[in-house]
Amino acid sequence: MNTPDARPTDDVWALLRDVTKARIGLGRAGNSLPTQRVLEFQAAHAAARDAVHDPLDVDGLTVEIRKLGIGAPLVVRSKAASRGEYLRRPDLGRTPADLSVLPNTGADIGIVLADGLSPRALTEHAAGLVAALVRQFEDRYRLATPVIATQARVALGDHIGQALGVRTLLVIIGERPGLSVADSLGIYLTHRPVPGLTDADRNCISNIHPPDGLDYEAAAATAAALVAGARKLGRSGVALKDTSRNELGAGEVPGSD
């Protein structure tokens, strides 16, 4: 028997839904889900599909990045000629079509903005994330001209980094959309990038999509710590660990205030 102070089960799930995007406590209507939950699932699935297939607004992104004062981005693409081919042939997304527009800069850090599997994520978050990275790096390292890469996989950055002649490369890429998040960015850091490296040679900072995911300042602080560590260690990947929290109090996250 319920007492006057007893909380219905559905209210308990409602409280948990306030702190997670996970699909929890969906309920039931007979042998199926309630109509509202089915519609929510269909909407989330449609948003994920749109995030994959909607093309990147290269001109709009170029304008936003130019405002940051690090130069007008150069634009390259992979050998995947269409979105359909990009999805069917991951190998083409890792191979550049033409990098002749890229100068050898000899810079400390290169930044590649890659559409990946969610161009929408770049549209929503790239400018804010790059601005945070610039604040971390501008007085410490020389930045190469930023590059926008379309129909791009992470490994395309190795070719771009080699062409730019940078010491450390950051590939900011739209992550695979899910039913909870369709606009998440990841940063893949590679020290001394050359074609032929594997994921074991990189470090990844993922789930960047404020306000629900990692915020720009925290992601940039982690990237800065990894860059410093890679320069000291002489390599990136499995041997390189994130030290961004070493000087913070327990449970404190950089940029969280």
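If you read the sequence from its start, that first residue is 1, and numbering goes on from there.
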Joint cluster assignment, [X] & [Y], ILVMFWY side-chain distance < 4.5 Å:
| X | Y | result |
| --- | --- | --- |
| Ile187 | Leu169 | no |
| Leu197 | Val166 | no |
| Leu170 | Leu233 | yes |

Specify the closest pair of heavy atoms between [X] and [Y], including all atoms of both residues, with the distance to one decimal.
| X | Y | result |
| --- | --- | --- |
| Tyr216 | His125 | OH-ND1, 2.8 Å |
| Val171 | Ala114 | CG1-CB, 4.2 Å |
| Gln136 | Ala221 | NE2-CA, 3.8 Å |
| Ser78 | Leu92 | CB-O, 3.3 Å |

Full working for side-chain contact (heavy atoms from CB on, under 4.5 Å) between Arg231 and Asp108: CA-CA 10 Å; Arg231 290 169 68 90; Asp108 296 311; 3.6 Å; yes
State the CG-CG distance between Leu226 and Leu189, to the nearest 0.5 angstrom. 6.0 Å
Distance from Lys79 atom NZ to Glu85 atom CD, nearest 0.5 Å? 11.0 Å
side-chain contact (heavy atoms from CB on, under 4.5 Å) filter on Ser184, not counting sequence neighbours, yields Glu175, Val181, Asn207, His209
Across all chains, not counting sequence neighbours, the side-chain contact (heavy atoms from CB on, under 4.5 Å) partners of Val101 are Val76
Test Asp158 against every option in Arg94, Arg192, Arg202 by the side chain to side chain contact (heavy atoms under 4.5 Å, CB included) rule and name the one that passes. Arg202
Counting only N and O atoms by type, is there a donor-acceptor contact under 3.5 Å from the side chain of [X] to the main-chain atoms of [Y]?
| X | Y | answer |
| --- | --- | --- |
| Asp201 | Gly237 | no |
| Asp115 | Gly174 | no |
| Ser206 | Gly186 | no |

For side-chain contact (heavy atoms from CB on, under 4.5 Å), just list the numbers for Leu56 and Ile148, CA-CA rounded to whole Å, side-chain angles, deciding distance to a tenth of an Å, and then say yes or no. CA-CA 10 Å; Leu56 177 66; Ile148 296 174; 4.0 Å; yes
Where do Ile205 and Asn203 land on the side-chain contact (heavy atoms from CB on, under 4.5 Å) test, with the steps shown first? CA-CA 7 Å; Ile205 307 165; Asn203 295 84; over 6 Å; no
Is it the case that atom [atom1] in [X] sees more than 12 heavy atoms from other parts of the structure closer than 6.0 Å?
| X | atom1 | result |
| --- | --- | --- |
| Arg153 | CZ | yes |
| Arg66 | CZ | no |
| Arg176 | CZ | no |

Check against side-chain contact (heavy atoms from CB on, under 4.5 Å), Asp54 and Thr123: CA-CA 11 Å; Asp54 286 348; Thr123 300; over 6 Å; no
